[in-house]
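Numbering starts at 1 and runs along the sequence shown.
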Amino acid sequence: MKLKENIFESIESMDTYELTLIYEYINLLKKQKKVPQTTKSNISIDQIHVMTSSSDESWSKAVIEDREDRV
């Protein structure tokens, strides 16, 4: 249980603000467990084309720009 020990050691050195953030994150994780995960819907590529056809924007350009921001 080295991971658990490392976590406890890290917690010992945190201030109140950091502990508050950790506690909030733990609560979010608990809530996420309770929410059932949705399954992927079976949407065809034709349906996607219909849904996106009304957009004047270039979706591929938007994806490329988004990925450039991550690099």
For K61, all residues meeting side chain to side chain contact (heavy atoms under 4.5 Å, CB included), sequence neighbours excluded: S58, E65

Nearest 0.5 Å, please: how far is CD1 in I22 from CD in E24? 10.0 Å

Joining Ile, Leu, Val, Met, Phe, Trp and Tyr whenever any side-chain heavy atoms lie under 4.5 Å apart, the cluster holding L21 also takes in Y17

Should Y25 and L3 be regarded as members of a common hydrophobic cluster, given that ILVMFWY residues are connected when their side-chain heavy atoms come within less than 4.5 Å of each other, either directly or indirectly? no

Cluster question for you: counting only ILVMFWY and a side-chain heavy-atom cut-off of under 4.5 Å, with indirect links fine, are I7 and L29 together? no

Gap between atom CE of M14 and atom CD of E12 - 0.5 Å precision: 10.5 Å

Test of understanding: with side chain to side chain contact (heavy atoms under 4.5 Å, CB included), list the residues that count as partners of S44, not counting sequence neighbours. D46, Q47

For the atom pair CD1 (I45) and CD1 (I48), what is the distance rounded to the nearest 0.5 Å? 4.5 Å

Look up atom CD1 in I11 and atom CD in E9, then write down how far apart they are to the nearest 0.5 Å. 10.5 Å

